[in-house]
Amino acid sequence: MSLNSILLPTVYDNVYGLNMKLNYSEPKFYTGGVPINGWFKLTYRQKKDALVKDWYVYFSYRNPKTHKLERQTPIKAGVNHLKTKKERLQFMKVIKRILISKLESGYVPKSYEQTIKTTQSDSKIENIEKPKTVSEKIEQPPNEIINTNPPTKNTTPTEDPEISIKEAFEFALKIKKQSLSPNSYAGYHGPLKQFEKWLDENEITSLKSIT
């Protein structure tokens, strides 16, 4: 599952009327079936076996029909191309931070979007004001304005979110700095900063536009 597909923006609220319960669980890491906090206690063979397996970020989202949290498709986003535990954890933390930001902003998994739209549409139909009877009109308090129309939401789609160029460069340099000598690292740092400056001068802001 790609990073962009899981982080598609949405216009729906975080809390969907479920007694103010969050609609999602905190994203967690799967690290090859071993406890990452006890990594230093593992044997060389155990570490190697763990790194052979897929690592990913996972979370659950509340089904709008059943109101139960359901596990969503794991997010790998290329993390398993990284060879060491440290590199994978750093990258997964970036994924988690962005995912939490999108969930807090109201992200809804695509499998639930149609259900929520249908529910909201039905709710609007039920809330349409019915013609009042004579008695209801008499009982209506004077000068009281009642708005029976539910608040509308902006359903204009936006572009898929992505990691910024600056964030991607900083992450790449951070990984390289751990595995290179200071002289070798400088060979990466200088040209990359020049390239970043060139991108700014040419008003290139999207990571997707860089091949």
Side-chain angles (χ1 to χ4, degrees), residues 1-9 14 22-63 68-105 107-112 160-196 199 206-211:
M1 190 174 190
S2 69
L3 180 60
N4 279 340
S5 65
I6 193 60
L7 299 182
L8 288 175
N14 264 339
L22 286 179
N23 277 346
Y24 54 87
S25 65
E26 180 182 359
K28 297 181 179 180
F29 299 157
Y30 177 78
T31 55
V34 298
I36 202 64
N37 290 336
W39 183 265
F40 67 97
K41 297 180 181 180
L42 301 178
T43 64
Y44 173 79
R45 182 65 185 180
Q46 289 174 321
K47 294 177 181 179
K48 185 175 181 181
D49 289 344
L51 289 170
V52 168
K53 299 177 182 178
D54 282 346
W55 292 31
Y56 51 79
V57 179
Y58 66 94
F59 73 105
S60 296
Y61 197 89
R62 196 176 303 280
N63 186 313
K68 294 181 179 180
L69 290 173
E70 296 178 349
R71 179 74 66 87
Q72 301 301 301
T73 304
I75 308 170
K76 299 177 183 178
V79 66
N80 295 297
H81 293 301
L82 301 174
K83 301 303 181 183
T84 68
K85 180 265 294 186
K86 195 169 187 177
E87 290 174 335
R88 290 188 183 186
L89 272 184
Q90 286 180 329
F91 189 55
M92 290 166 72
K93 287 178 181 178
V94 173
I95 296 174
K96 179 179 179 178
R97 177 163 55 82
I98 298 175
L99 177 57
I100 289 177
S101 176
K102 299 310 297 182
L103 287 168
E104 290 177 346
S105 298
Y107 163 72
V108 175
K110 296 197 71 174
S111 57
Y112 299 144
D160 292 358
E162 59 177 293
I163 298 175
S164 68
I165 292 177
K166 182 178 180 180
E167 189 172 23
F169 283 6
E170 288 178 349
F171 179 70
L173 286 172
K174 188 175 182 180
I175 290 180
K176 281 297 180 184
K177 191 173 184 179
Q178 296 168 358
S179 59
L180 297 174
S181 66
N183 290 336
S184 298
Y185 173 73
Y188 281 91
H189 185 272
L192 193 56
K193 286 300 181 181
Q194 291 178 359
F195 181 43
E196 187 176 359
L199 292 172
S206 174
L207 193 62
K208 293 180 180 179
S209 63
I210 302 177
T211 60

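Values reported hereafter were calculated over all heavy atoms of this structure, with side chains retained and with hydrogens, waters and symmetry mates removed.
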- Query: Under a 4.5 Å cut-off applied to non-hydrogen side-chain atoms, are Met92 and Ile75 in contact?
  - Reply: no
- Item | Working for side-chain contact (heavy atoms from CB on, under 4.5 Å), residues Tyr56 and Ile95 | CA-CA 9 Å; Tyr56 51 79; Ile95 296 174; over 6 Å; no
- Task: Determine, step by step, whether Glu70 and Tyr61 satisfy the side-chain contact (heavy atoms from CB on, under 4.5 Å) criterion, reporting the C-alpha distance in whole Å, the side-chain angles of both residues, the deciding distance to 0.1 Å, and the verdict.
- Result: CA-CA 5 Å; Glu70 296 178 349; Tyr61 197 89; over 6 Å; no
- Decide yes or no for Leu103 and Phe59: does some side-chain heavy atom of the first lie under 4.5 Å from some side-chain heavy atom of the second? yes
- Task: State, yes or no, whether a side-chain contact exists between Gln46 and Val34 at a heavy-atom distance under 4.5 Å.
- Result: no
- For the pair Ser101 (side chain) and Arg97 (backbone), establish whether a donor and an acceptor sit closer than 3.5 Å, ignoring hydrogens and angles. no
- Message: Just so I know, are the side chains of Val57 and Pro74 near enough to count as touching, which here means a heavy-atom distance under 4.5 Å?
- Response: no
- Query: Cation-pi between Lys96 and Phe29: NZ/CZ under 6.0 Å from ring centre and within 45° of the ring axis?
  - Reply: yes
- Message: With heavy-atom distances below 4.5 Å as the criterion, would you say the side chains of Thr43 and Lys47 are in contact?
- Response: no
- Item | Spatial distance of atom CG (Leu99) from atom CD (Glu26) [nearest 0.5 Å] | 10.5 Å
- Task: Would you please name every residue forming a salt bridge (charged side-chain N to carboxylate O under 4.0 Å, His left out) with Arg71, sequence neighbours left out?
- Result: none
- Message: Does Gln90 form a side-chain contact (heavy atoms from CB on, under 4.5 Å) with Val94? I'd like the steps, not just the answer.
- Response: CA-CA 7 Å; Gln90 286 180 329; Val94 173; over 6 Å; no
- Side chains of Tyr24 and Glu104: is there a donor and an acceptor less than 3.5 Å apart? no
- Query: Do any N or O atoms from the side chain of Asn80 and from the backbone of Trp55 form a donor-acceptor pair under 3.5 angstrom?
  - Reply: yes
- Item | Salt-bridge contact Asp49-Lys53 (side-chain N to carboxylate O under 4.0 Å) | no
- Message: Set out, in order, the CA-CA distance, both residues' side-chain angles and the distance that settles side-chain contact (heavy atoms from CB on, under 4.5 Å) for Arg88 and Leu51, then state yes or no.
- Response: CA-CA 9 Å; Arg88 290 188 183 186; Leu51 289 170; 4.0 Å; yes
- Task: Verify the ring-centre separation between Tyr58 and Tyr30: is it less than 6.0 angstrom?
- Result: no
- Item | Side chain proximity check, Tyr112 to Gln72, heavy atoms < 4.5 angstrom | yes
- Item | CG (Asp54) with more than 12 external heavy atoms under 6.0 Å | yes
- Query: Backbone N or O of Ser60 within a donor-acceptor pair of the Ser25 side chain at under 3.5 Å?
  - Reply: yes
